[in-house]
Amino acid sequence: MDALISQLQRQFRDYTISLYQQGFLDDQFTELKKLQDDGSPDFVAEVLTLFFEDCVKLISNMARALDKTTGTVDFSQVGASVHQLKGSSSSVGAKRVKALCVSFKEYCEAKNYEGCVRCLQQVDIEYKALKTKLQDMFNLEKQIIQAGGRVPQVDIN
Amino acid sequence: MALREIASSSSPELHVLAVDDSFVDRKVIERLLKISACKVTTVESGTRALQYLGLDGDNGSSGLKDLKVNLIVTDYSMPGLTGYELLKKIKESSAFREIPVVIMSSENIQPRIEQCMIEGAEDFLLKPVKLADVKRLKELIMRGSEADEGKTKKLSPKRILQNDIDSSPSSSSTSSSSSSHDVSSLDDDIPSSKRIKLESRVND
């Protein structure tokens, strides 16, 4: 069992580090991990779940606001949703999503329709990619625990 | 009832009212505060905060006795009542003006920060809020409550981001993000802790 646990822990460590290296996560995610303990073992997963729900809602708002068939586009409305998404992505350490929101916000301010539509598509892809990556990470954690091991603290330098 | 009040007032647990329209941020700030041994009440708007305090209708002192909020932490940009407007209302209230109010914002806008400090905000936190921020805040508030009631709380210019966050019972790890500038030479209106906070943020 020990060999399995070590292997899983190594996998977990490598995978987590890769997420940071590839820019999916930043140090705010590390901060969230600090808030998790035996008393609140699922805190990070819970917050991220809320974040992904937020993504669905806000992206839907943005899509609606960018829908030309309903009339002229209200860029301030789009911008308001982008601002919210920027905030929550920042709070959970979703680095790529946040960076996209920064560009998105600029396109809103410039009232650049094509730019906004592009950003909307990208942000949709990006949050889904992060969601998949994190699900894989959480699965590794589960496997470690099921094998009787502890999830290692990963030191990101 | 009186005995319980005495007992709870000698307990070090702060009761914090956290105001933020973002569900994600509310969850995070709640956890940050709880892990720092605070009692937390979260509300999603300035209006709800005023309702909670009993300030929405008449300038009610009726809710005062059981509430005992020791600190209010509020987001700046919220629909409806902004954090700034909430700050003003609290400072205008004779019942609650002594409660320290801390503003949080994702935007590092100097005039905004100054405006809040002038209006009486205790501190200004740049989002995303970290554990080190909350611990520093708690120390600030605890120290303030130990001080003489009559004196106006002034932030000491010697307060720098500290590495020695070891007094907390929580199991959090090293505080790697603090940069210890000595800013006692600065003589600005803006208390130095904010300045450090702004300077150490080298975000995108």
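What you see below is based on every heavy atom in this structure, not just the backbone, and it leaves out hydrogens, waters and symmetry mates.
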Q: Considering only heavy atoms from C-beta outward, does the side chain of B:Ile35 approach that of A:Lys34 to under 4.5 Å?
A: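 SC-SC contact between B:Ile35 and A:Lys34 ruled out.
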Q: Using non-hydrogen atoms only, which part of A:Leu32 is less than 4.5 Å away from chain B: side chain, backbone, both, or neither?
A: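 For A:Leu32, side-chain heavy atoms alone lie under 4.5 Å from chain B.
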Q: For B:Arg48, look at atom CZ and say whether over 12 heavy atoms of other residues, nucleotides or ligands are found less than 6.0 Å away.
A: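 No, because the 6.0 Å sphere around CZ of B:Arg48 holds 12 heavy atoms or fewer from other groups.
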Q: Between B:Val28 and A:Phe43, which heavy-atom pair has the shortest distance, and what is it?
A: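 Of all heavy-atom pairs spanning B:Val28 and A:Phe43, the closest is CA-CZ, 4.3 Å.
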Q: Kindly compute the distance separating OG (A:Ser88) from NZ (B:Lys127), expressed to the nearest 0.5 Å.
A: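 If we round to the nearest 0.5 Å, A:Ser88:OG and B:Lys127:NZ are 9.5 Å apart.
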Q: Could you tell me whether the side chain of B:Lys27 reaches within less than 4.5 Å of the side chain of A:Ser91, counting heavy atoms only?
A: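 The answer is no, as the side chains (C-beta and beyond) never meet within the 4.5 Å cut-off.
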Q: Does B:Lys89 have more than 12 heavy atoms from other residues, nucleotides or ligands lying within 6.0 Å of its NZ?
A: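 Atom NZ in B:Lys89 is not crowded, with 12 or fewer foreign heavy atoms closer than 6.0 Å.
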Q: Take a 6.0 Å sphere around CZ of B:Phe23 and say whether it holds more than 12 heavy atoms from other residues, nucleotides or ligands.
A: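 Not more than 12 within 6.0 Å, no.
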Q: Nearest 0.5 angstrom please: A:Lys86 NZ to B:Ser106 OG, how far?
A: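 The OG atom of B:Ser106 is 5.0 Å from NZ of A:Lys86, to the nearest 0.5 Å.
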Q: For the backbone of B:Leu131 and the side chain of A:Glu31, can you confirm whether one donor and one acceptor N or O come within less than 3.5 Å of each other?
A: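 Indeed, once roles are kept as given, a pair shorter than 3.5 Å links the two residues.
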